[in-house]
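Have a look at the structure below before the remarks.
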Amino acid sequence: EKGGYDHFMLKEMDEQPQAVRDTLLGHLVDGQIVLDEQRLDQQELRDIDKVFIVACGTAYHSGLIGKQVIEHWTRVPVEVEMASEFRYRDPVLDRQTLVVPISQSGETADTLEAVRHAVEQRAKVLAICNTNGAQIPRESDAVLYTHAGPEIGVAATKTFLAQVAAVELVGLALAQARGTKYGDEVVREYDALCSMPDAIAATLQAMQPVRDLAREIAHEKAVLFLGRHMGYPVALEGALKLKELAYMHAEGFPAGELKHGPIALIEDDLPVVVVMPSPTGRPTLHQKMLSNVAEITARGARTIVIGEPDDAGARELAAHFVEVPPVPTLLSPFVQTVPLQVLAAEIAAARGYDIDKPRNLAKSVTVE
Ligand code: M6R
């Protein structure tokens with residue numbers, strides 16, 4: 001039941017620290033990252049020379065985050081593709097390809113068909129799934145379950161952060177099998193991941209300013225979201241949440257693309273959410289993003305910046321500055337996603353919509 005909350009989605013957002021904690025639990029044993037079901041041996045994992053992540057919607061966004069960490073830790077090239085596109089374009093797959101379907105339900109038809117295609121082509125399949133014994137894990141060679149528990153809200157929230165945790169574990173497992181990360185390094189990365197539940201909880205506790213801001217912009221027609229690197233999938237996820245829940249026109253862009261077109265959309269008072277890189281973790285990227293914020297501010301945008309507390313540069317330019325705790329760059333989506341979920345839920349509530357059951361949507365899409 002709703003446990004005192006007005007909506008399941010609000011409860012599920014608050015369950016995010018637990019969802020991430022439970023997903024990480026028990027996956028480091030004697031210094032080794034272990035999966036849940038592994039019908040692939042270490043040699044097969046070592047031989048992987050290409051990874052495809054296939055997923056839909058929110059799960060696709062967790063895949064974009066996975067690409068960054070897997071490539072960084074393993075130096076194996078990773079492509080992320082919407083399952084509905086992957087299946088029908090004859091992708092280049094062989095025995096040394098690892099296909100990673102990500103699916104909360106494990107029953108999404110597009111993703112399932114992508115898995116079947118990968119199996120036919122003799123690729124190895126390692127599924128990330130939140131539902132024990134669902135079709136996608138059943139047809140895969142290996143499985144890593146997210147332990148977010150049942151998610152009733154149609155909009156994915158806690159399962160998204162659990163997927164981010166899982167895909168980071170897959171990166172560590174591959175890095176360990178391939179020898180690009182060793183004992184202590186793996187333990188350190190795993191420990192850093194295990195500190196995320198507290199960081200998410202701290203973020204959730206500081207969301208009142210976002211709720212107030214949501215009421216202010218609830219009547220707007222459109223909101224843009226900008227990010228770079230780890231912040232780009234977060235921007236896409238923020239835009240998807242706003243479309244789904246508040247039925248508002250919302251788009252996420254890589255901030256560097258602004259000048260190649262989207263900047264033409266900027267006009268007076270247009271709310272633009274900017275997912276800021278860390279000024280200390282990624283100073284070069286931060287500098288570039290700061291220029292983007294200055295460009296859109298000069299053109300009248302109302303900038304809502306998600307940044308670290310010591311980001312004086314962004315704070316000075318922003319119309320609204322939302323603080324999130326400083327965390328390592330590769331883990332930043334765990335905290336930066338939270339204010340965007342709250343923003344979408346609060347705007348939708350202010351507009352009088354049912355955030356648990358958005359119009360036209362089903363929790364699991366079992367037709368292609
Ligand atoms: O069950 P799945 O993770 O395979 O579902 C994928 C998408 O349908 C799902 O993430 C959808 O985009 C949600 N409504 C997002 O909030």
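Start at 1 and go down the list; that is how both ligands and their atoms are numbered.
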Can you sort out which atoms of ligand 1 are near [X], meaning under 4.0 Å from one of its heavy atoms?
X: Ala155; answer: 16 (O)
X: Ser105; answer: 1 (O), 2 (P), 4 (O)
X: Ser103; answer: 1 (O), 2 (P), 3 (O), 4 (O)
X: Lys241; answer: 15 (C), 16 (O)
X: Gly57; answer: 12 (O)

* Tell me whether the centres of the aromatic rings in Phe86 and Phe52 are closer together than 6.0 Å. =>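 Yes.
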* Asked: Between Leu361, Thr108, Thr111, Leu240, which one has a non-hydrogen atom sitting closest to atom 4 (O) of ligand 1?
  ->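 The residue whose heavy atom sits nearest atom 4 (O) of ligand 1 is Thr108.
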Give a yes or no on whether [X] atom [atom1] has more than 12 heavy-atom contacts from other residues, nucleotides or ligands under 6.0 Å away.
X: Asp184; atom1: CG; result: no
X: Tyr5; atom1: OH; result: yes
X: Glu1; atom1: CD; result: no

Considering only protein heavy atoms, which is closest to [atom], and at what distance to one decimal place?
atom: atom 7 (C) of ligand 1; result: Cys56 O, 3.6 Å
atom: atom 10 (O) of ligand 1; result: Thr58 N, 3.2 Å
atom: atom 3 (O) of ligand 1; result: Gln104 N, 2.6 Å
atom: atom 8 (O) of ligand 1; result: Val365 CG2, 4.2 Å

* Proximity of Glu244 to ligand 1 by residue part, where a heavy atom lies under 4.0 Å ->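 Answer for Glu244: side chain.
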* Asked: Shortest non-hydrogen contact from Asn130 to Thr159?
  ->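 Reported closest heavy-atom pair: ND2-CG2, 3.7 Å.
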* **Of Lys241, Glu346, Gln16, the residue whose pairing with Gln341 passes side-chain hydrogen bond (donor to acceptor under 3.5 Å, both in side chains)** =>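 One option only clears the test, and that one is Gln16.
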* Asked: Have Ser195 and Asp198 got a donor and an acceptor in their side chains that come within less than 3.5 Å?
  ->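 On atom types as modelled, these side chains do not qualify, holding no pair under 3.5 Å.
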* Is it true that Arg116 and Glu139 make a salt bridge, defined as a side-chain N closer than 4.0 Å to a carboxylate O? ->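 The answer is yes: the pair qualifies as a salt bridge.
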* **Lys363-ligand 1 polar pair, N/O distance under 3.5 Å** =>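 There is no such contact.
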